[in-house]
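Here is the structure we will look at, set down as structure tokens.
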Amino acid sequence: MAVVTLQNIVKHYESGGAPAVDDVSFTVEDGEFMVLLGPSGCGKSTTLRMVAGLESITSGRLAIDHQLMNAVPAKNRDIAMVFQSYALYPHMSVRDNLGFGLKRRHTNRRLVRQRVEEVAASIGLTAYLDRKPHALSGGQRQRVALGRAIVRDPKVFLFDEPLSNLDAALRVSTRAELVRLHRELSATMIYVTHDQVEAMTMGDRVCIMEHGRVAQIGTPMEVYLNPANAFVAAFLGNPPMNLMPATADGGAVLLGGRRVAAVAAEGDVLFGIRPEDLTPTDDARAAVISGRVASLEPLGAETLIHVDRGDSTVIVRGPRVPSARLDEPIHLRADPGMIRLFDAATGEAIRLPEEAMT
Amino acid sequence: MAIPRDMNAPATALTDVPPARDHANPRSAIAAFLTPALLIYAAFTALPVARTFFNSVHLVVPNRPDEWVGFTHYAELWTDKIFWKAVHNTLTWAVAAPILEVTIATLLALCLYAKVPFARFLRVAWFTPVLMSYVVVGILWMWILNYDWGALNEILRGIGLGGLAQPWLGHPATALPSLIGVTTWMWTGFNMVVILAAMSSLPSEVLEAAELDNCGWFAKLWFVILPLIRPTLLNLVILSFIGKMKIFDLVWVTTRGNPLWSTETVSTYVYKRAFQWSEFDLGYPSTIAVVWFVIVLAGVLLLTAIFRQRDRIEY
Amino acid sequence: MAFASDRTAVASRPRISTAALRSAALILFIALYTAFAAGPFVWVASMSLRTTTEINADHYAFPWPMHFEKFAVAWTESNYDTYFFNSAAVVLAAVAILTVVGGMAAHCFARYRFPLKGVVYFLIFSTIIFPPQVTVIGLFQLMVDYGLYNSRIGLVLVYVAIQLPITIYILEAFFARIPGDLFDAARIDGYSEWAIFWKISLPVALPAISTTIILNTILLWNEFLYAVVLITDDDKRTLPLGVLRFMGDQLEDVGMIATGLMIAIVPVVLIYVFFSERLIQGMTAGAVK
Ligand SMILES: Nc1ncnc2c1ncn2[C@@H]1O[C@H](COP(=O)(O)OP(=O)(O)O)[C@@H](O)[C@H]1O
Ligand SMILES: [Mg+2]
């Protein structure tokens, strides 16, 4: 088990070009499940590959168990990695795929065989041990990739979008299995994904990245409830947080002419509220937002109400059968405790006083 | 909240970072993988070529230091009638053979493409001649072209054209064309296989579209298939061109350049001047090699340029 | 135009006859070409089983009785055993070295980025179009300097050098198609770059490797120019040199020469019978675009 520390990690693929990873720092505690989450191209894989030792670190420090790892090649880091493509060795049977890493470390063939069979049994691959990868289904391949990591009993597990090649149903069940696995092994894991559901359901903590930088780190609930900036607010949630331009006059936030929150800030701000924290109301004067119902999206369990405010659209999570009617005016109340404000220029969150409402 | 924790990173991690190491492209591995190939390349290709260039401006005689002679060899080459005869022969060969090979090969490929029975067998059978060495092919064709009992003359006599029977390799007018025929025999099957592969990999929608446009087979060939496999044809022409510019073994086995230098190629002439005629100067043959190298290079560039240009006009 | 009028003229006559005519012409053409392509081989095969006296009586008779003992005679009395052994040894050694050295270089070009990669690649590949004249004289002098003139080891190294570019070309194209994750997985599994080359690159690329092995075997088995320049001793001669020497000595002994030719051809034909598709693939690898 191990602690992984990244300190001011920077990666340039082309010297002089834009950094793929820019000043990333975080620590993954012993036994923690850390998720790296972000849109495609934000540098998650690059970060993971630097931890693995597959890419060199342009500057900054990487330590595993307080030992500096920058110059240690991948083969000596005692980590295991599961790839999106699974990267199974096509010319080896499942048994040899599982045992390939062990054979390098242990010479005792009997022990290797025993360990391989033990792990194969635990993930239900015993029947396929002598097949080649091309004779396996996608889900089975994924299991072999997983087994290949488990069998080594490494200090750190790394996952690079391991579920994205599975179909939806398999993805849900494998997700649960990974969580169980993490609990059983209580191993340190770093998990890269662009799927926020995976991040929310699996991570002890989530590190959200944007353009190679860390946007926010925290538990799934922390980052969902208190986004550190407008990017995180808009990235998380489906549909994401509503963000509307507003102004602050030093005492209060004005949204469409209404005072909607008290705040010490001044200037342009973004007013943020999650769709589930808006409720339709008949009382136009208690409303924070007013508009016209532009469309209704019934999703079964709930209905999304798209409200046209003129210059922007707001999405509201309504009940299964909403009272709102298409094209009719609608007034929305906001849960005062759930209003979030962001600096319009920098996107940074603005702290609200606890008792903030008019 | 996460940030202060990172500032407290363990002290051991704060020791100075060693110089960066490229984990994805480790220098030592690259050097280890490349060195043997580079050594062999340097010792048996690059150095010999450099040595030949060096020779070309020296008098290179055994047991004497090489003597700088400037461009004397080049001047001598300019007036060397045999050399120009050899250039003429080789160029004739290098121009005629690719045209013959690629044209016949295209016709053959079309036959097989038209779903003739036994196509697989024919493809394998037609490819066979290219597997034999020029030495074997040379001896074999010396017999086939033999005046008294060679197959060619026997056939001519058999169909009543006995008057055309010739000592094919013994006559200055027929020797070179005969040898060109031999290389065509040898290489056409190879070209056919490549062209067939190119045709088979054409997107079938294109041909179906042509079908819908109510094309006849000739129009389909001329306006659809040939333009599409043009890059392959160009490659084959260049490959054949280069091959014929090198040709040595076949001539050496059959005629040694005779009769009357009518089959002398640059390769055989270089070989004779370097290793056969008792001149003991390697400088002059090296000059021939260098000049020839330049001509081949120019030829390849020219061919590529011609085809490229036509491409640009047509599309 | 002529084509169109041709069509209308044909349409008035019964259809079957033109179709039949056309396919008959096609079959005739194919049959003639097949005879042309394969006939010489059949002829030399038949002569290899006949004595010179028989041949001189009729050059085109069926080989009966078959004189298989001629092969034993050529083998023992005309030094073909030595030539054959030399060819086999030189070709085997050269192909083995080529596979490893070319494979290593191809692996390097396909897997790593390094400074001057483009330049090195270009230098190696430009030699494909070099006429051999430009290397052969300098090579002759250098082989004398290296002490490798008139030596089979020297010939092996030269053979490696002349086949290296095409070998790297074929293998590199294949290696480049192996997904990089495979190599990363092996690195993480604890293997060195060298071990990865042997345990991942080579086995996964087995189809391409076997293609280059077969291709190199045939081309080098038939090689003549470098052998004739670099080898002088009779007991170091390879088969093509041996065949030619025998022909020079025994110009009239057509039967024995034909037997010698067959000894040179048979190994190639055997390889071709078993690996024709792979061989065709290798031979044409450079030409298909
Ligand atoms: N091998 C590489 N060479 C050059 N640029 C790369 C390489 N790999 C990734 N990049 C670039 O680095 C950035 C981050 O990529 P990556 O870490 O793969 O993103 P993610 O995994 O978050 O989708 C992207 O802009 C990508 O184009
Ligand atoms: Mg990625």
Side-chain angles (χ1 to χ4, degrees), chain B residues 25-26 29-30 33-34 36-37 40-41 44-45 47-49 51-52 55 108 111 116 122 124-129 131-136 139-140 144 149 189-190 193-194 197-198 216 218 231-232 235-236 239 242 245-246 248-249 253 267 270 274-275 282 285-286 289-290 292-293 296 300, chain C residues 3 26 29-30 33-34 36-38 40-41 43-44 59 101-102 104-105 107-108 112-114 124 127 129-135 137-139 141-142 157-158 160-161 164 168 193-194 197 218 222 224-225 229 240 243-244 247 254 257 261 264-265 268 272 276 280 283-284 286-289:
Chain B
N25 306 290
I30 293 171
F33 281 125
L34 217 47
I40 288 174
Y41 174 79
F44 300 101
T45 303
L47 272 179
V49 171
R51 184 67 173 261
T52 305
N55 287 343
L108 292 173
C111 290
V116 157
L122 292 175
V124 169
W126 293 351
F127 192 78
T128 320
L131 300 173
M132 294 177 205
S133 73
Y134 272 120
V135 173
V136 171
I139 295 174
L140 190 47
I144 292 175
W149 45 270
F190 169 86
V193 167
V194 175
F218 182 79
T232 305
N235 252 5
L236 288 175
L239 217 62
I242 296 171
M245 297 292 262
K246 294 175 179 178
F248 170 78
D249 322 16
V253 171
S267 289
V270 168
F275 306 112
L282 291 177
S286 297
V290 168
W292 190 237
F293 170 62
V296 171
V300 171
Chain C
F3 185 65
L26 188 69
F29 177 60
I30 287 175
Y33 187 80
T34 307
F36 174 59
F41 176 73
W43 187 41
V44 76
H59 286 85
V101 171
M104 281 162 61
H107 174 84
C108 195
Y112 305 119
R113 298 204 307 175
F114 50 92
I124 292 182
T127 58
I129 68 159
F130 280 21
Q133 298 91 321
V134 81
T135 45
I137 299 175
L139 191 62
Q141 293 166 285
L142 283 165
L157 292 172
V158 170
V160 171
L164 199 55
I168 296 179
E193 305 295 310
W194 181 244
F197 169 68
I218 296 220
N222 290 339
F224 179 72
L225 173 62
V229 171
V243 170
L244 195 61
M247 196 190 72
V254 174
I257 298 173
L261 292 186
I265 293 172
V268 175
Y272 189 56
S276 60
I280 289 177
M283 299 268 310
T284 57
V288 188
K289 221 181 194 176

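Below, each value reflects all heavy atoms present in this structure, side chains not excepted, and no hydrogens, waters or symmetry copies. Proteins come first, then strands; the chains are lettered A, B, ... in the order of their sequence lines, and each starts at number 1.
Two residues are said to be in side-chain contact when any heavy atoms from C-beta on lie closer than 4.5 Å; B:W292 and B:M245 meet this criterion. Side-chain contact between C:I124 and B:Y41 is present, with heavy atoms from C-beta onward closer than 4.5 Å. Side-chain contact between C:F29 and B:C111 is present, with heavy atoms from C-beta onward closer than 4.5 Å. For the pair B:L34 and C:F114, the minimum side-chain heavy-atom distance is below 4.5 Å. Contact of the C:Y272 side chain with the B:V124 side chain is registered, since non-hydrogen atoms from C-beta on lie closer than 4.5 Å.
Proximity to chain C is limited to the side chain of B:F275, based on heavy atoms less than 4.5 angstrom apart. For C:L139, the parts sitting under 4.5 Å from any heavy atom of chain B are the backbone and the side chain alike. If you measure heavy-atom distances from B:V136 to chain C, the contacts under 4.5 Å come from both the backbone and the side chain. Contact annotation for B:N55: only side-chain heavy atoms (C-beta onward) come within less than 4.5 Å of a heavy atom of chain C. With a 4.5 Å cut-off on non-hydrogen atoms, C:I218 touches chain B through its side chain but not through its backbone. At a 4.5 Å heavy-atom cutoff, the contact between C:A105 and chain B is made by backbone and side-chain atoms alike. B:P129 touches chain C through its side chain: at least one heavy atom from C-beta onward sits under 4.5 Å away, while N, CA, C and O do not. Both the backbone and the side chain of C:I30 come within less than 4.5 Å of a heavy atom of chain B. Looking at C:L164, only its side chain comes within 4.5 Å of chain B, counting heavy atoms on both sides. In this structure, the portion of C:T127 lying under 4.5 Å from any heavy atom of chain B is its side chain and not its backbone. Using a 4.5 Å cut-off between heavy atoms, C:V268 touches chain B through its side chain atoms alone. Using a 4.5 Å cut-off between heavy atoms, B:I242 touches chain C through its side chain atoms alone.
Taking B:A274, B:A125, B:S286 one by one and counting their heavy-atom pairs under 4.5 Å with chain C, the maximum is reached by B:S286. Put simply, of C:F130, C:W194, C:F41, the one with the most heavy-atom pairs under 4.5 Å next to chain B is C:F130. Of the residues considered (B:T45, B:V253, B:V290, B:L131), B:L131 shows the highest number of contacts with chain C, using heavy-atom pairs under 4.5 Å.
The minimum heavy-atom distance between B:L282 and C:Q141, with the atom names listed, is CD1-CG, 3.6 Å. C:P132 and C:L225 make their closest contact through CB-CD2, 3.8 Å (heavy atoms, listed as atom of the first residue, atom of the second, distance). Nearest heavy-atom pair, C:R113 versus B:I30, reported as atom, atom and distance to 0.1 Å: O-CD1, 3.9 Å.
Relative ring orientation between B:F33 and C:Y112 is described as parallel, the plane-to-plane angle staying below 30° on a 0-90° scale split at 30° and 60°.
Atom CD1 of B:I139 sits about 4.5 Å away from atom CE of C:M247, to the nearest 0.5 Å.
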